[in-house]
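I have placed the structure first, in the form of structure tokens, so that the comments after it can refer back to it.
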Amino acid sequence: MQKGRNILSKIFYFYYDGFRSMTWGKNIWLIILIKLFIMFAVLKLFFFPDFLKTNFDTDEQRSDYVIEQLTNTSDE
Amino acid sequence: MTLIDWSRGQFALTAMFHWIFVPLTLGLAFILAIMESIYVKTGDEKWKKITKFWGKLFGINFAIGVATGIILEFEFGTNWSNYSWFVGDIFGAPLAIEGIMAFFMESTFIAVMFFGWNKVSKKFHLISTWLVAIGANLSALWILVANAWMQDPVGMMFNPDTARNEMVNFWAVLFSPTAINKFLHTVASGYVLAAVFVIGVSSWFLLKKRETLFAKKSILVASVFGIITSIYLIWTGDESARQVARVQPMKFAAMEAMWDGQSNAPLIAIGILEQPAPPNENNDYKEKEFAFKIEIPNMLSFMAFLDVNAFIPGVKDLVNGYTDPGTGEVVLSYFDKIKRGREAISTLKNYKEAVNAGDNATAATYRAKFEDKQWMDNTFKYFGYGYYNNENFSGLIPSVPLSFYSFHLMVALGGHFLALFIVMLIFTLKNKLEKMKWLLYVGIWTIPLVYIASQAGWVLAELGRQPWVIQDLMPTLSAVSKIDTTSVQITFWLFAATFTTLLIAEIKIMLTQIKKGMTGGH
């Protein structure tokens, strides 16, 4: 790292140089990025909507729904 | 298979895969910190190389495993929405702290750990390595606190207007004996797993006659670390068992396949059950006799209550109710608890109906019950039992064979690990390890065994508490979201494929790096 840099640029170059000088670590980063893409851009977006947030607009509606679910025992 | 089965299967699959990666991170981080401390103390470059080699394997495991736990949070919102709502901020708060802590501590100091060699001072690098280890373990603390609350719900108050539990005592949640024991025992299992991992990989080098000095030094550190942490694991396991006996007596009875309670109860050291089957379709529980067993007299009573004369209730006692012969305490039957649970559910229902109808006087009458400590402690406490009836009560009993075998497998393997660490240490100190080929093979083959033991612990903790998502308050059948079963099936197989790919990638990359030995960059 060059001398005379401020703390922020030192931190930046610390990471920059670190990533640049990676060898086997580059493959690991590729796996991390693919994994995060699958998790957030595919699974979360298309398969894991928040059930209560998607189906109801307010917390009151959500609590009403949950109470209805919790108090509807099948054999009553 | 029903929606509940698929949802449970999906959660179990995700959690078990996640738990493949986590324990090695928890333990290897400390082993790295110890190795680097030796390097800084002695200035011996060999220890630096050793630290960097194990750091590489730590990095691979961390990178592949990181964020796999986030999927569990997705599942809470999608598949377990009633549960997510019902737990309110109790589950959210620890998870949020975990997220922040993991991000700041781990991501900052892991970067120093990997990029900082020769760029920061030795001492700063060492501090960073220790902080990564401490940070990783503290991250585990919060998720385990949340899990412990599910097994032993404390420090909260139920709000009937929102159907949410609100945290009233953060410290009670954080420092509940269940949370403390769960944290200590779980992280300790990670330490033991990492020690076995280091010994196994080093044994391979010794068998191949490569990196022998490095391998012996690694085994020395790992075996000492393993002995200390194994003893700690046994101690915390003992404490955990006592805690389970107190707050989850059905799990405790299932762990020992104990159908009829008794004073001076023996511990089954080794046992084989006659027929490993869940309760039958007639909604009755089926007793499984032992085909073979070796008992340690009085040990179970002592283990649970530190009193050889203590009474340990069996599955039947807990279902039918009993009076403790020692203390005279009367314990309600499941049928009484079902009755009380039903009363709690109908009180909530009537309250909500009165509120919706604008009948303030009636609503106030019901509301008062939720503010009455006695009613909460004697009736609402059994809310979850209200989803069952006198015909389907067997759903309140966990799988006895699964609980029994997972417990005994975990304990037996724990003994094997301690023995392995001791023998490894002795032969390392005698400088005879390279000649002990059989021991080196045992070292290698103990790697899969330690993962099996680790998963068995998870199975016991989570399947042994069935049907409860939150002990006594919420069973899986009321926690699950009413969504299309097909979507759960699709995501189940998606996860299975994704995680299997990740696991194969981890194993392949690790094996490549192990074969390279101590050469290579980061």
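Every heavy atom of this structure was used, including side-chain atoms; hydrogens, water molecules and symmetry mates were not. In the text below, chain A, chain B and the rest are named by the order of the sequence lines, each starting its count at 1.
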For residues 42-55 of chain A, tabulate all N or O donor-acceptor pairs below 3.5 Å that involve a side-chain atom, not counting sequence neighbours.
| residue | atom | partner | partner atom | Å |
| --- | --- | --- | --- | --- |
| A:K44 | NZ | A:F48 | O | 3.1 |
| A:D50 | OD1 | A:L52 | N | 3.2 |
| A:D50 | OD1 | A:K53 | N | 3.1 |
| A:T54 | OG1 | A:D50 | O | 2.5 |
| A:N55 | ND2 | A:F51 | O | 2.7 |

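- When side chains are defined from C-beta on, B:E353 counts as touching B:N350, because their heavy atoms get closer than 4.5 Å.
- Partners of A:E68 according to the side chain to side chain contact (heavy atoms under 4.5 Å, CB included) rule, which considers only residues two or more places apart in sequence or in another chain, are A:N72.
- Residue A:N27: no heavy atom, backbone or side chain, is found under 4.5 Å from chain B.
- A salt bridge links A:D59 to A:R62: at least one charged side-chain nitrogen sits closer than 4.0 Å to a carboxylate oxygen.
- Among all heavy-atom pairs drawn from B:L28 and B:L57, the shortest one is CD2-C, 4.4 Å.
- Of residues 78-85 of chain B, those residues with a non-hydrogen atom less than 4.5 Å from any non-hydrogen atom of chain A are, in numerical order, B:T78, B:N79, B:S81, B:N82, B:W85.
- Against chain A, the residues from residues 492-500 of chain B that qualify, each with a non-hydrogen atom under 4.5 angstrom away, are B:L494, B:F495, B:T498 in number order.
- With a threshold of 4.5 angstrom between heavy atoms, A:L36 approaches chain B through side-chain atoms but not through N, CA, C or O.
- Between B:I110 and B:V132, the shortest heavy-atom distance links the atoms N-CG2, 3.5 Å.
- Interface remark: of the candidates B:I509, B:I60, B:L477, B:I60 forms the most heavy-atom pairs closer than 4.5 Å to chain A.
- Summarising the local packing, CD of A:E60 is surrounded by 12 or fewer heavy atoms from other residues, nucleotides or ligands at distances under 6.0 Å.
- For the pairing with B:F380, the side-chain contact (heavy atoms from CB on, under 4.5 Å) check across B:L473, B:L348, B:T347 returns one residue only, B:L473.
- The part of A:Y65 that comes within reach of chain B is its side chain, from C-beta onward, which places non-hydrogen atoms under 4.5 angstrom from that chain.
- Using a 4.5 Å cut-off between heavy atoms, B:E506 makes no contact with chain A at all.
- Around CE of B:M510, the count of heavy atoms belonging to other residues, nucleotides or ligands within 6.0 Å exceeds 12.
- In this structure, the portion of A:I31 lying under 4.5 Å from any heavy atom of chain B is its side chain and not its backbone.
- Note: B:F158 and B:F370 have tilted aromatic rings, judged against thresholds of 30 and 60 degrees for the angle between ring planes.
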